[in-house]
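To start, the structure under review is shown below, and the notes come after it.
Keep in mind it's a predicted model, so treat the numbers as computed, not measured.
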Amino acid sequence: MKVSRRTLLKSAAASGVLTAVGTPVFASDIDELVIAYNVNLPSWDPTVGPSAVNPTIQGIYQSVFDMFIHQNPDLSFGPGIVTEWGWNDDKSKIWMDVREGVTWHNGDPLTPEDVVWSLERAGNPETGNPIQFIWGKIGNFQIDGNRITADVKEYEPTIFKWMSFLTGYVLPKKYYEEVGAEGFEANPVGTGPYMVDKFERNAFVRLKANENYWGGAPEFKTVTIKFVTDASSRTFEVSSGNSHVTLEMPYEEFDRLKQQDGIEGTAAPISDIGMIFINDVEPMNDPNVRMAMAHAIDKKTIIERLLSGYGVAIDTLQTPDYTAYDPSVTVPYDPEKAKELLAASGYGPDNPVKFKIQTTRGFKPKDYEIIQVIVGLWRKVGIEAEIEVYEIAKHYELRAADTLAPAAFYNWGNAIGDPTTSTGFAMFGPSPHSVWDGEDLMQMIIPLWGEADEQKRIDGWKEVDKHIAENALVLPLIQYVQPILHSDKVKVTPHASGALLPHLMTRS
């Protein structure tokens, strides 16, 4: 293998954690699994703050903490800490049975009280859970043996789906109350397949296997996850043998490196989608501008030429495998139509409409390059967009404060495939995850939150998606295919949620 001095220096600069964690020696039997990860870990509490709704971090959280309900690699649901669950006949109550014999990492037994405390804490608006508006819909918990019941304060058809999604983690009541938030951050305790052995912020986390894990002890007894945010540095990590596994690199690098001796590649569609948020500020309050933006984007060519064919073009916030996907809703590539729309508002190539668009760079494969191409396509029809690059953490900060630029590129995760978690939270103005505050859309969405008739609920969301597409209130682009490179000594099981889970990895 030939590696240029420039590539070597670039990798060393971006992933200086090599010195901190040591360079592994790869024998036929891997003692320590090393993963080059694409994001940092801002916090160890998986239920509060902006990082709690970052889909990419969930793979780390799920290594240490268990969710209420387990989600399989194909996104189906199965027993977790909660082994069985359901509604009463009139859906005024829910019930859950808690798994017996589970032990926290510090040796304490997990109890139904831990589950109740975790749910009550999640539903308390003072704790900072960004999904509080879901968890707060159940309350008045009662415990009888290992069965928990709760009143439904407001009907939420997806409540059990959320128990395997963002912030749906069980935390230890007794330990957390003893050490407080700072103590928990310094020494997190869960019931997951791995325990935290050492954590160096902005550098790495070393995990050790939980031999008493209820789901069976993981095969790799030690796992080191390096935080390597630069995509080229991550690929070098695997090509040079410094890491066994990495993800989210440019697809041409994926295709090239998976041909290298000792390296294999896995690529499959995941629940993440690439989209452009539209903020309801000038000039986005002009529907002609928004629709022109949509019609000027050639998604098919972007996927074929920039993403090497890895991706699925989408025109709504539903992917083909989501419950409310409607193939009849389309927004065709039509640059002449885009010019007509802009001309109706007094814009054109000689008098372009101007605004800023924000994007990450290297967080997802070709994210910055996708926006570069789109900005070029827009320029041809009379749109001049200035690109601003920021870290993903900044996106969450600005989105929560509703201060994103007029346009902002983002990847949206919806591992449970329900329209409430794709279209709903992304587009419902009062949601902390939305930046479009249009009253018309809000009134269409409000009745659907509590719709008990499932077919009527799904049909309603399809109408919402149609309205959004017709008015270009968001610009859906692609369903991602996740590239994973790994040593041929490691068998990787991809998860359709996009979470990279070391406890699903085994020796080849």
Side-chain angles (χ1 to χ4, degrees), residues 49-50 52-55 123 125 128-137 153-159 162 165-167 273-291 293-294 314-318 322 324 329 331 355-358 394-414 416 418-451 457-477:
V53 291
N54 182 346
N129 188 309
I131 312 296
Q132 180 275 331
F133 52 88
I134 289 289
W135 303 118
K137 293 182 179 181
K153 297 190 290 185
E154 182 181 346
Y155 178 67
E156 174 50 64
T158 64
I159 189 66
W162 273 99
F165 196 37
L166 304 177
T167 78
I273 68 170
M275 45 92 90
I276 297 176
F277 272 114
I278 302 295
N279 202 350
D280 55 341
V281 297
E282 294 299 338
M284 299 305 168
N285 290 324
D286 185 338
N288 289 331
V289 171
R290 301 193 307 267
M291 286 304 300
M293 293 165 63
I314 55 174
D315 293 316
T316 72
L317 294 179
Q318 314 298 326
Y322 286 1
V329 180
V331 181
F355 56 84
K356 180 184 291 183
I357 182 169
Q358 294 163 322
K394 187 66 175 178
H395 171 90
Y396 292 120
E397 177 186 326
L398 295 176
R399 195 176 78 200
D402 200 1
T403 55
L404 284 175
F409 182 63
Y410 179 65
N411 77 289
W412 187 272
N414 178 22
I416 62 175
D418 195 88
T420 58
T421 54
S422 51
T423 301
F425 296 124
M427 301 305 301
F428 184 58
S431 163
H433 315 294
S434 173
V435 292
W436 185 265
D437 299 318
E439 184 67 24
D440 290 348
L441 182 62
M442 205 180 304
Q443 293 306 316
M444 292 182 70
I445 291 176
I446 285 173
L448 298 176
W449 293 125
E451 178 55 64
R457 185 177 77 91
I458 297 302
D459 289 343
W461 281 113
K462 289 182 178 180
E463 285 300 311
V464 168
D465 281 321
K466 182 179 179 181
H467 173 81
I468 290 171
E470 289 174 346
N471 292 275
L473 304 182
V474 68
L475 304 184
L477 301 174

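Residues passing the side chain to side chain contact (heavy atoms under 4.5 Å, CB included) test with Gln132, sequence neighbours excluded: Pro125, Asn129. Judged as a side-chain hydrogen bond (donor to acceptor under 3.5 Å, both in side chains), and not counting sequence neighbours, the contacts of Asn285 are Glu282. With sequence neighbours left out, the salt bridge (Lys or Arg N to Asp or Glu O under 4.0 Å) criterion links Lys153 to no other residue. Scanning for side-chain hydrogen bond (donor to acceptor under 3.5 Å, both in side chains) contacts around Asp418 gives Lys161, Thr420, Arg457, with sequence neighbours left out. By the side-chain hydrogen bond (donor to acceptor under 3.5 Å, both in side chains) test, Tyr410 is found to be paired with Tyr396, residues two or more places apart in sequence or in another chain being considered. Residues meeting the ring-ring contact (aromatic ring centres under 6.0 Å, His included) test with Phe165, sequence neighbours left out: Trp162. When the side chain to side chain contact (heavy atoms under 4.5 Å, CB included) test is applied to Asn471, the partners found at least two apart in sequence or on another chain are Arg290, His467, Leu473. By the salt bridge (Lys or Arg N to Asp or Glu O under 4.0 Å) test, Asp280 pairs with no residue at all, sequence neighbours left out. Partners of Trp449 by ring-ring contact (aromatic ring centres under 6.0 Å, His included), not counting sequence neighbours, listed by chain and number: Phe425, Phe428, Trp461. Looking at residues two or more places apart in sequence or on another chain, you find no side-chain hydrogen bond (donor to acceptor under 3.5 Å, both in side chains) involving Ser434.
Here the straight-line distance linking atom CG of Asn411 with atom CD1 of Ile273 works out to 9.0 Å at 0.5 Å rounding. Annotation: the span from Asp437 atom CG to Met442 atom CE amounts to 6.0 Å, rounded to 0.5 Å. Going from atom CG of Asn54 over to atom CG of Leu166 covers 9.0 Å, rounded to the nearest 0.5 Å.
The closest side-chain heavy-atom distance from Glu451 to Pro157 is not below 4.5 Å. Between Ile445 and Val464, the closest side-chain pair of non-hydrogen atoms falls below 4.5 Å. The closest side-chain heavy-atom distance from Thr316 to Ile468 is not below 4.5 Å. Inter-residue side-chain proximity for Val329 and Gln318 is flagged as unmet; no heavy-atom pair is nearer than 4.5 Å.
Of all heavy-atom pairs between Asn279 and Ala405, the closest is CB-O, 3.4 Å. Closest of all the heavy-atom pairs between Val435 and Leu404 is CG1-CD1, 3.8 Å. Closest heavy-atom contact between Trp436 and Met284: CH2-O, 4.0 Å. Across all non-hydrogen atoms, the minimal contact from Ile357 to Ala408 is CG1-N, 4.2 Å. Here the closest non-hydrogen pair linking Ala426 and Leu317 is CB-CD1, 4.0 Å. Between Ile278 and Ala472 the shortest heavy-atom distance is CG1-O, 4.2 Å.
Sorted by first then second residue, the salt bridge (charged side-chain N to carboxylate O under 4.0 Å, His left out) pairs that include residues 459-477, not counting sequence neighbours, number zero. Legend: salt bridge (charged side-chain N to carboxylate O under 4.0 Å, His left out) pairs involving residues 396-406, not counting sequence neighbours, sorted by first then second residue: Lys394-Glu397.
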In sequence, state the C-alpha distance, the side-chain angles, and the governing distance for Leu475 and Phe277, and then conclude on side chain to side chain contact (heavy atoms under 4.5 Å, CB included).
CA-CA 7 Å; Leu475 304 184; Phe277 272 114; over 6 Å; no

Kindly indicate, with the supporting measurements, whether the criterion side chain to side chain contact (heavy atoms under 4.5 Å, CB included) is fulfilled by Leu441 and Met427.
CA-CA 8 Å; Leu441 182 62; Met427 301 305 301; 3.8 Å; yes

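Of the possible polar contacts, none joining the Glu156 side chain to the Ile134 backbone as a donor-acceptor pair under 3.5 Å is found.
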